[in-house]
Structures are given as structure tokens and as C-alpha cells.
Visitor: 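Below you will find the structure I want to go over with you.
Keep in mind that the numbers below use all heavy atoms, side chains included, and drop hydrogens, waters and symmetry copies.
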Amino acid sequence: MAATNFKTENNTFRKLIGNGLTYHIPRFQRDYSWTEEEWEDLWLDLKGALAPGGEPAHYMGYLVLQSPDDKTFEVIDGQQRLTTVSIIVLAVLKNLQRLVDAANDSDSNRQRAEQIRQTYVGYLDPVTLVARPKLTLNRNNESYYQTYLVPLGHLPQRGLRGSEHLLRKAFEWFDKEVAKWLAASSGNEGMRLAQLVEDMSDKLFFTVITVTDELNAYKVFETLNARGVRLSATDLLKNYLFSVLDRDQRIDHEFRALEERWERMVGNLQAENFPDFLRVHWNSRRPFARQAELFKTIRAQVASREDVFRLLREMEQDLDTYLALTTPEGSALPREVQMGIRALRTFNVRQPFPLLLAAHRAFDDADFAGLVRATVVISMRFNVIGGYGTGEQERTYNSVAERIARGDLASLALALAAMRGIYPSDDSFRAAFAEKAIRTTQSRNSRVVRFMLCGLERHLGGAELDFTDGSFTIEHVLPQNPQAGWEAFSDADAEAMTYRLGNLTLAPAGTNRDLAASAYVVKQPLLAQSPYAITRKLATDHAEWAPESIDAHQKWMAKQATAIWRVAQLS
């Protein structure tokens with residue numbers, strides 16, 4: 001990011017709010033949403049910093065602002081914190097107003113209140129009592145904030161939005177807490193209230209990131225998210241889409257329609273899942289865009305009212321399919337397709353999602369089911385066993401998705417032909433499988449191994465096992481902690497071979513504990529009576545269990561796996 005478009009500094013609340021600077025929460029930013037839990041956390045932290053011997057400062061986190069001139073700022077992230085701190089200031093002003101009304105050092109306290117208001121809240125017109133504010137809230141909260149909270153007047157409680165109720169409750173909560181804090185301390189009450197605001201403004205500090213436009217703001221979001229700071233790129237995109245309508249001077253019913261449809265979609269997805277959905281959706285219809293470039297790409301291609309509503313319609317069309325891909329259980333997809341998608345989830349493979357979205361729109365049910373199975377096979381060969389880098393694979397999937405969306409690939413056969421480059425050959429898959437080790441101490445790895453063993457069991461004995469079923473478990477023939485009776489394995493052999501696929505088989509959940517670290521001479525008769533064909537074969541074929549036994553059994557497994565996870569057209 002160019003230095004001229006991005007700067008960062010640490011600022012106290014005093015420096016942020018002074019010097020004639022003003023802050024605007026974008027009209028279509030989300031509403032105020034903090035509740036008592038957040039209010040109490042902030043108030044306790046603040047009191048801790050203000051106490052004698054307390055912390056010299058309290059860090060309020062990142063504040064992302066957008067400004068072309070460093071005088072007027074749009075609050076891209078941090079509105080909840082800024083709004084809440086402003087409410088604390090208003091609660092102090094309310095307590096000062098009570099002192100004035102009670103004729104408690106009225107002139108001095110009136111002057112204190114006026115100075116605090118002009119410094120931290122904004123100028124209040126003495127005739128109209130309309131504020132010229134330092135902070136402007138969004139379209140749903142601004143009227144209540146400026147009309148009722150800032151003037152410290154009567155607070156209506158009926159006919160309000162949920163967020164307006166929260167603003168009122170926040171003010172009332174801090175008003176009471178400030179009053180309790182005042183009653184618990186000694187000295188001139190007006191002076192102590194004024195000092196509270198002064199100390200708070202010096203002790204609360206933010207890391208302020210200022211950008212010049214939406215694109216740089218999005219890049220900041222991406223950077224901070226990569227470092228574990230939770231920000232809402234979803235809201236940023238929403239604001240951009242609304243700004244397009246605003247720029248075209250669209251009428252209110254279009255704003256309402258966009259907001260209602262947007263909120264319904266985000267509500268179904270959950271906001272944290274929206275960026276992934278957006279990328280999958282976009283790449284299922286258009287040339288490949290990396291996550292880091294997605295907002296720039298959308299901004300370049302969505303520039304009119306028509307573009308905004310086309311994007312919305314297309315996202316709505318893909319939403320249910322995406323949800324079925326991420327959570328197949330309970331979806332309307334056929335059972336065979338659900339099982340394939342569960343396999344992709346088990347493999348932690350999401351690269352095929354744009355392809356599957358495109359195919360679901362374009363293919364009939366049989367071709368779509370065939371494509372799901374093909375992606376499972378490719379994932380088994382390419383990702384799980386081959387362990388190849390996914391960059392080329394992702395681009396291939398997206399290229400095929402784009403061609404399906406354009407109508408160039410109208411059938412499963414054509415799509416498969418276009419995916420040949422990411423389909424490892426039978427020979428390479430067989431060789432890689434014959435050497436593969438998967439450490440089952442990790443839960444995801446354990447699920448992957450269960451999936452493979454169930455596939456082998458079905459191929460050998462015809463039994464349909466659900467790999468998530470708790471009635472069976474993975475048996476490590478050479479135990480994970482071998483004791484006496486395993487002299488055929490050196491320490492190096494045991495380290496290298498415990499998690500080889502050839503050493504892993506199925507056992508009923510109750511018997512695995514009994515077998516445990518027993519020698520093979522003890523295990524072998526029990527394994528030979530197993531209800532699972534793959535386990536009986538292992539015990540029947542191998543009177544002893546040594547490194548060469550694992551190699552031999554795994555080569556047999558590799559041969560079976562090549563027949564099971566195979567796309568005939570590509571092999």
C-alpha cells in the first residue's frame with residue numbers, strides 16, 4: 001500500500017476529538033450494538049486506569065478511518081467504541097447538569113459543562129438546541145443520538161429501533177455508574193466530574209489507521225484480519241454498494257430493498273462467513289480473483305445501480321447452494337451428493353466450491369452428482385495423498401467454473417476433460433499411497449483415515465460404514481506405544497511406521513482398548529475374527545507383523561485405493 005494512501009499513529013481520545021476534527025459513521029454502517037457486558041468491561045478498565053497507581057493508559061485497539069483531507073473522517077471500524085466513549089462524556093454532562101439544577105456551584109459547573117461539550121461533543125445552538133456534532137452516527141441512530149442524547153433531555157422509550165433502545169440504555173447505565181463513582185469519592189463534585197473527562201481523554205488511546213478511499217480501507221482490513229484482528233470487510237463492501245446507490249441518487253425504497261435483502265443474506269451466512277461466500281460466488285461466474293484483490297475487482301466491475309442489484313440477485317441465487325456445500329446435513333441435496341460434500345469437508349478441501357456452484361446452476365442432477373464425486377476423487381489423489389500445492393488446482397477449478405458459467409462446458413464429460421491437469425495418474429497415486437503416513441493423533445487426520453478405511457472396507461466386503469460412526473475405531477497394529485513383543489521393530493522403525501496407512505485398520509470401539517499394546521501374537525487371532533473384512537484379511541495374510549508386513553499390506557491397500565478413488569474418463 002502506498003505510503004501516501006495510508007498512515008498509522010497512536011492517538012489519545014483528546015487528540016482524536018480536538019482541533020476541529022469531526023467523525024462520521026457511514027450512513028449504512030451497522031447500528032449500535034454494544035450491551036451491558038461491553039459497557040461494564042470498558043468502565044472497569046477505565047476506573048482501573050483512573051485509580052491512584054493505576055495503569056498509565058488504557059488501549060482501545062485499532063480505529064480505521066477514511067479521510068481525503070485529515071479534517072473530516074469516516075469511521076470504517078471502531079464506531080462502537082467511539083460512540084460508547086461519547087456516551088460516557090454525555091453521562092458526565094448529565095451529572096454536571098444535576099449539580100447546576102441543584103444550585104451546587106452553578107456558575108462554575110455550567111462553565112465546566114459548556115467547555116466539555118464544546119471540546120468533546122460539539123457546539124449546541126443556544127436557540128434551536130440542535131447540535132453541530134463532532135460525531136455523527138449512522139442513518140438509524142443519528143436522529144435519536146442528536147435529538148435526545150446530546151441535549152440531555154427526555155429520552156423516549158417507545159416506538160424505537162432496537163439499536164436506539166441500546167443507545168438509551170447505554171446512556172442510562174453510564175449515568176448511574178458515574179453518579180455512583182461520584183458518590184464514592186470526596187472533594188468538589190464539579191471539579192471531579194471535569195477531571196474524570198480530562199483523565200479519560202488522556203488515558204484512552206487508539207492505534208489510528210487512516211486511509212484515503214474504500215480500496216485502501218479494504219486492504220487494511222485484509223492486513224489486520226491476517227494478524228488476528230477481527231474487522232468487518234462485509235460491512236465495508238455493504239457500505240460501498242450503498243454508496244453506489246447514493247451516488248446515483250436512488251430513492252429510499254431501493255435503499256430499503258438492498259438493506260433488507262443484504263441483511264437476510266448475511267443473517268443466513270453469519271457475517272464472519274460472508275467474505276468466503278463472496279469469493280466463492282464471484283469466482284464461480286468470473287475470472288479468478290484472489291482474496292486480496294477481490295474488493296478492487298468488485299469495485300471496478302460494480303459501478304452502477306444495475307450492477308449492484310445484479311450482484312445481489314446472483315448472490316441470492318447461489319446462497320442456498322453454498323450453504324449446502326458448507327453444511328450438507330439437512331440440505332435438499334441427494335444423499336450421495338451430501339456424502340461427497342462431507343468427504344470434502346473431512347479433507348478440509350474448499351478449492352472446488354466455485355466449480356460446484358457453477359455446475360449446480362448449469363448441470364442436471366446426474367452430472368452435478370458425478371462432478372461432486374470427481375472432486376472427491378481428485379481431492380483424495382491430489383490433496384490428501386499427493387499433498388501437492390493448491391495454487392494450480394484452485395486456478396484450474398475456477399477456470400472450469402468460469403467456462404461452465406459462460407456455457408462453454410455444458411456437460412460433466414467436458415468439465416472433466418478440462419480438469420485433467422490436476423488429476424494425478426494411477427501410477428503416481430498408487431506409489432504415493434503405498435508410502436503415505438498420516439498421524440492420527442490429530443482429530444482431522446483421524447477422520448480422514450476413518451474415511452479411507454471405510455472406503456476400503458466397502459470395496460472389499462461390501463459393508464456401507466459411516467466414517468463418523470462411533471461404533472468402530474482405528475486400530476494401530478503396531479501400537480503407538482509398543483512394549484514387549486515388538487522386537488521386530490527398531491526404535492527408528494516404530495517411529496517411521498506407526499502411522500503408515502498399512503499399519504492402520506478397523507476395530508470395534510470396545511475391543512481396541514483390550515488389544516492396546518499387546519504383542520501381535522496376541523492380537524492376530526482377535527483380528528482374524530474381526531467383523532471387518534479389511535481387518536480379517538490383514539490377520540489372515542500376515543502370520544507375523546514386521547516392517548515388511550506393513551509395506552506389503554500398504555501396497556495392497558494402494559492397489560485397492562487406486563480402483564476405488566478413480567475417474568474412468570481421466571484414468
Visitor: Could you check whether any side-chain N or O of Gln483 sits under 3.5 Å from a backbone N or O of Asn481, counting only pairs where one atom can act as donor and the other as acceptor?
Guide: yes

Visitor: Quick one: do the Thr321 and Asp318 side chains pair a donor with an acceptor below 3.5 Å?
Guide: no

Visitor: Kindly compute the distance separating CD (Gln338) from CG (Leu333), expressed to the nearest 0.5 Å.
Guide: 6.0 Å

Visitor: Please determine, by modelled atom types, if Arg361 and Ser284 share a side-chain donor-acceptor pair under 3.5 angstrom.
Guide: yes

Visitor: Please tell me whether Ser571 and Asp426 have a donor and an acceptor in their side chains that are separated by less than 3.5 angstrom.
Guide: yes

Visitor: Do the side-chain N and O atoms of Ser446 and Thr440 include a donor-acceptor pair separated by under 3.5 angstrom?
Guide: no

Visitor: Could you go step by step and tell me if Met452 and Phe433 meet the side chain to side chain contact (heavy atoms under 4.5 Å, CB included) rule?
Guide: CA-CA 11 Å; Met452 287 192 284; Phe433 196 103; 3.9 Å; yes

Visitor: With distance as the sole criterion, is a donor-acceptor pair present between the side chains of Thr207 and Tyr59 under 3.5 Å?
Guide: yes

Visitor: How about Tyr499 and Gln480: does a side-chain donor come under 3.5 Å of a side-chain acceptor?
Guide: yes

Visitor: Quick check: Phe288 with Trp282 (ring centres under 6.0 Å apart)?
Guide: no

Visitor: Would Asn383 and Gln393 count as having a side-chain donor-acceptor pair, cut-off 3.5 Å?
Guide: yes

Visitor: If you round to the nearest 0.5 Å, how far is CZ of Arg373 from CZ of Phe368?
Guide: 15.0 Å

